[in-house]
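Reviewing the structure listed below.
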Amino acid sequence: MNSTDLTDFIAELRLRTDVVGIISQTVQLKKRGSRYIGLCPFHNEKTPSFTVDPEQGLYHCFGCKAGGDIIRFVRDTERLEFIDAVKYLAEKANMVVPENGIETRALQAAKTEREEILALNKRAAAYFHSLLWTDAGRPYLDYFHRRGFDDAMIRRFGLGAAPASGAAIVSELASGADDVQTMVKAGLAISRDGGAIGFFRARAMFPIISARGEVLGFGGRILGDGQPKYLNTGDTPVFNKRLNVYGANWLRQEKKLSQVILVEGYMDALSLLANGVKGVAATLGTSLTQEQAMLLSRYAPEVWICYDADDAGQNATLRALDVIEASKAKLNVRVVNFPVGKDPDDYIRSLPAQDRAAQFMKLAKLSPVRFRLKRLIRGFDMSDNDQRTKFAIEAGKVLALAEPVEQYAAIEELAVTAGFPAEVLERQVKSVKPVGATASVARGMQKYPAHSEEQTPNTSLAPAESTAVKAARNLLYFLSKKKDAGRYTNDVFLREDHRAIADKLREGKNFAAIVSEFDKEKADWKEETIKISRMYEDMVEPTGDELDKIVADCLAELRIESNSADIKILVGEIGSDPTNVSTEEIRKMRELEKMVKQSKRL
């Protein structure tokens with residue numbers, strides 16, 4: 001598609017698109033003057049803060065700051081790539097997306113081939129599923145029943161069975177040589193002696209479905225002792241294992257996921273989904289790839305790695321952590337801490353049937369640093385002095401990449417485990433030379449801990465939160481715990497919601513009570529309270545000198561923000577005419593600038 005053609009087409013598409021009509025399919029809108037309002041689909045709220053301006057073709061949420069044009073809205077709500085969102089809107093507006101004027105016949109042929117393969121895969125999925133309910137499919141149906149799936153679940157997941165005969169599927173789906181050739185290209189058949197036989201034979205079948213509902217390929221599991229245990233569709237014109245995940249179609253159906261739960265296999269994913277766990281996906285017979293990490297980041301801000309608890313699964317977890325951290329995916333990561341010897345399927349089926357999902361979600365989650373330390377210690381004999389020393393050195397390398405608060409907590413534990421004074425371990429961590437993008441973390445430049453956020457869409461209109469906001473949240477969290485609260489009063493907070501939360505905390509109310517009070521008053525204040533309550537989730541809270549240092553840093557950050565804001569206001573009042581500047585205004589400006597510099601040196 002020619003870029004000029006596409007630009008002109010998109011301009012026309014925006015003019016012809018019924019913005020209110022499209023958004024109304026997701027949000028219940030009410031007319032308010034020249035605009036429309038409703039509850040934001042990107043965050044939880046009870047007071048409408050989401051507005052649509054049909055004249056400008058824009059939407060904006062005053063709560064979570066999501067906003068953009070109708071293409072952005074479709075991308076975020078339908079979780080589509082840009083060009084797919086354009087095609088989606090073009091179909092609604094009865095417009096045809098222009099083809100590139102210089103598109104070659106080969107490219108057009110490739111497009112037709114893709115469509116033919118997708119259509120054939122859909123027919124194959126229906127065939128495998130229908131076979132499950134015949135006498136030939138009985139062993140596979142019994143297998144799914146034994147694994148805890150009733151008939152409704154089997155239909156919901158589109159499970160099936162591949163026939164034992166290699167000729168059966170070719171006979172069912174191919175009516176000529178062209179169809180046979182397409183089956184081979186789709187990975188459904190392999191060429192043999194001038195003809196073809198089915199690639200999947202005598203296996204339980206799992207369709208691999210895209211976020212748009214397209215059947216991309218299949219996974220097949222043998223029931224006996226044969227090898228390979230799992231057989232997957234190879235790379236085809238519509239499918240690449242590195243670029244897809246199993247369960248993308250279910251991820252897209254879930255709105256505002258807090259996390260994606262990543263498992264290793266089809267049965268693990270299906271078992272969790274069947275028992276009410278939301279947001280589950282699986283890799284496709286390969287180790288996690290950076291492309292898959294990027295894909296997962298479109299659905300949630302956090303991923304829980306939920307691999308088997310055996311050595312193979314735990315080593316795969318280590319590799320997955322490395323991949324996510326090396327990728328450009330903006331994902332917080334946690335590792336689900338399973339009982340030894342369990343996998344997700346075994347574990348959830350061992351729980352009481354009435355609340356399996358709730359119990360599963362309560363499993364402990366380890367930070368990457370905690371998990372790496374847990375795995376590291378397994379390789380050393382802690383009764384041997386040399387081994388303890390080597391462990392402490394290697395642990396220092398792991399901790400060099402952690403945030404200061406997590407370093408502090410882990411060092412206290414390592415002092416007991418490794419038998420070295422905390423001061424010595426701290427020097428060992430500081431001796432590690434930071435490398436690459438992790439340097440700022442290792443140097444302790446990230447003052448404030450990461451904390452769980454409500455998912456917000458990726459939009460240029462949603463700016464990153466300032467360090468002053470994070471500082472205020474830290475102070476409010478400490479205030480809730482009655483830690484060092486005497487060192488600051490409520491007027492240090494710059495935002496109205498933070499001052500209101502501080503007032504209620506000083507009244508002795510906990511976060512739950514505050515959330516309840518804000519429920520009807522301010523939906524965004526309620527969300528902010530929840531964020532603050534989770535500041536030190538999965539982390540040990542600082543005490544002593546570490547707490548003093550963090551409080552001092554937070555107060556300094558707020559002073560900088562406050563004084564900088566005052567300077568901006570003063571500059572605005574002075575304007576561009578220097579004759580308007582009084583001696584008092586000059587003195588005040590210099591005093592504010594001096595205070596900002598002093599605060600930055602603290």
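Keep in mind that this is a model prediction, so the values were computed, not measured.
The two residues Val245 and Ala281 come nearest to each other via the heavy atoms CG2-CB, 4.2 Å. For the pair Gly220 and Met205, the tightest heavy-atom approach, listed with the atom from each and the gap, is CA-SD, 3.9 Å. Nearest approach of Phe144 to Gly160, heavy atoms of both residues: CE1-O, 3.6 Å. In this structure, Ala174 and Val180 approach most closely via the heavy-atom pair CB-CG2, 3.7 Å. Between Ser210 and Ala248, the shortest heavy-atom contact is C-CB, 4.3 Å. For the residue pair Pro228 and Ile222, the shortest heavy atom distance occurs at O-CG2, 4.0 Å.
Of the possible polar contacts, one joining the Glu45 side chain to the Cys40 backbone as a donor-acceptor pair under 3.5 Å is found. Checked by atom type and distance alone, the side chain of Lys229 never pairs as donor or acceptor with a backbone atom of Asp225 at under 3.5 Å. At distances below 3.5 Å, at least one donor-acceptor pair connects side-chain atoms of Thr134 with backbone N or O atoms of Leu131. Panel note: side chain Thr236, backbone Gly187; no donor-acceptor pair is recorded below 3.5 Å. A donor-acceptor distance shorter than 3.5 angstrom exists from the side chain of Ser297 to the backbone of Met294, with no hydrogens or angles considered.
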* To do: In sequence, state the C-alpha distance, the side-chain angles, and the governing distance for Arg146 and Asp142, and then conclude on salt bridge (Lys or Arg N to Asp or Glu O under 4.0 Å).
  => CA-CA 6 Å; Arg146 288 195 304 272; Asp142 291 342; 5.3 Å; no

* To do: In sequence, state the C-alpha distance, the side-chain angles, and the governing distance for Arg147 and Asp345, and then conclude on salt bridge (Lys or Arg N to Asp or Glu O under 4.0 Å).
  => CA-CA 9 Å; Arg147 298 302 295 260; Asp345 178 35; 2.4 Å; yes

* To do: Determine, step by step, whether Phe218 and Phe206 satisfy the ring pair (Phe, Tyr, Trp, His ring centres under 6.0 Å) criterion, reporting the C-alpha distance in whole Å, the side-chain angles of both residues, the deciding distance to 0.1 Å, and the verdict.
  => CA-CA 6 Å; Phe218 298 89; Phe206 305 83; over 10 Å; no

* Asked: Do Arg370 and Lys365 pass the side-chain contact (heavy atoms from CB on, under 4.5 Å) test, and can you show the C-alpha distance, the side-chain angles, and the key distance before you say yes or no?
  -> CA-CA 9 Å; Arg370 293 281 182 176; Lys365 271 73 69 175; over 6 Å; no

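In this structure the side chain of Val335 never reaches within 4.5 angstrom of the side chain of Trp304, judged on heavy atoms. Between Gln292 and Leu243, every side-chain heavy-atom pair lies at or beyond the 4.5 Å cut-off. In this structure, Leu331 and Pro301 have side chains that are not in contact, with every pair of non-hydrogen atoms separated by 4.5 Å or more. For the pair Lys374/Asn337, a side-chain contact is recorded, criterion being any heavy-atom separation below 4.5 Å from C-beta on. Ile324 places a side-chain heavy atom less than 4.5 Å from the side chain of Ile305. Contact of the Ile209 side chain with the Leu216 side chain is not registered, since no non-hydrogen atoms from C-beta on lie closer than 4.5 Å. For the pair Leu120/Asp179, no side-chain contact is recorded, criterion being any heavy-atom separation below 4.5 Å from C-beta on. Inter-residue side-chain proximity for Phe239 and Asn121 is flagged as unmet; no heavy-atom pair is nearer than 4.5 Å.
The pair Lys241-Glu291 fails the salt-bridge criterion, with no side-chain N (NZ, NE, NH1 or NH2) lying under 4.0 Å from an Asp/Glu carboxylate O. By the 4.0 Å N-to-carboxylate-O rule, Asp311 lies close enough to Arg378 to be salt-bridged with it. A salt bridge does not link Glu394 to Arg372: none of the charged nitrogens lies less than 4.0 Å from a carboxylate oxygen. Between Asp384 and Arg388 there is no salt bridge, since none of the side-chain N atoms of the basic residue sits less than 4.0 Å from a carboxylate O of the acidic one. We find that Arg334 and Glu302 are not joined by a salt bridge, their nearest charged nitrogen and carboxylate oxygen being 4.0 Å or further apart.
More than 12 heavy atoms of other shown residues, nucleotides or ligands fall within 6.0 angstrom of atom CZ in Arg349. Atom CD of Glu91 is surrounded by 12 or fewer heavy atoms from other residues, nucleotides or ligands within 6.0 Å. Residue Gln28 places its CD atom among 12 or fewer non-hydrogen atoms of other residues, nucleotides or ligands, all under 6.0 Å distant. Under a cut-off of 6.0 angstrom, the local environment of CZ in Arg138 is sparse, with at most 12 non-hydrogen atoms contributed by other residues, nucleotides or ligands.
Partner of Cys306 under the side chain to side chain contact (heavy atoms under 4.5 Å, CB included) criterion, out of Val260, Thr317, Leu262, Ile261: Ile261 alone. The only member of Asp308, Thr283, Leu272, Val336 that meets side chain to side chain contact (heavy atoms under 4.5 Å, CB included) when paired with Val263 is Leu272.
Here the CG-CG distance, from Leu295 to Leu288, works out to 10.0 Å after rounding to the nearest 0.5 Å. The CG atom of Leu132 sits 6.0 Å away from atom CD1 of Ile154, with the distance rounded to the nearest 0.5 Å. Here the CG atom belonging to Leu257 is positioned 13.5 Å from the CZ atom belonging to Arg252, to the nearest 0.5 angstrom. For the atom pair Gln359 CD and Ile348 CD1, the distance stands at 10.0 Å (nearest 0.5 Å). Summarising the geometry, atom CG belonging to Asp310 is positioned 13.0 Å from atom NZ belonging to Lys342; distances are rounded to the nearest 0.5 Å. The CZ atom of Arg114 sits 13.0 Å away from atom CD of Glu116, with the distance rounded to the nearest 0.5 Å.
For the residue pair Asn249 and Arg212, no side-chain donor N or O sits within less than 3.5 Å of a side-chain acceptor on the partner. Arg203 and Tyr230 share no donor-acceptor pair across their side chains, judged by distance under 3.5 Å alone. When only modelled atom types and interatomic distance are considered, Tyr266 and Asn232 share a side-chain donor-acceptor pair under 3.5 Å.
Taking the six-membered ring where tryptophan is involved, the planes of Tyr59 and Phe42 are tilted, since the angle between them lies from 30° to 60°. Below 30°, between 30° and 60°, or above 60°: for Tyr347 and Phe360 the angle between ring planes is between 30° and 60°, a tilted geometry. Ring geometry, Phe50 versus Phe73: the interplanar angle falls from 30° to 60°, so the pair is classed tilted.
Here Trp250 and Phe157 bring their ring centres to under 6.0 angstrom of each other.
Qualifying salt bridge (Lys or Arg N to Asp or Glu O under 4.0 Å) partners for Arg123, counting only residues two or more places apart in sequence or in other chains: none.
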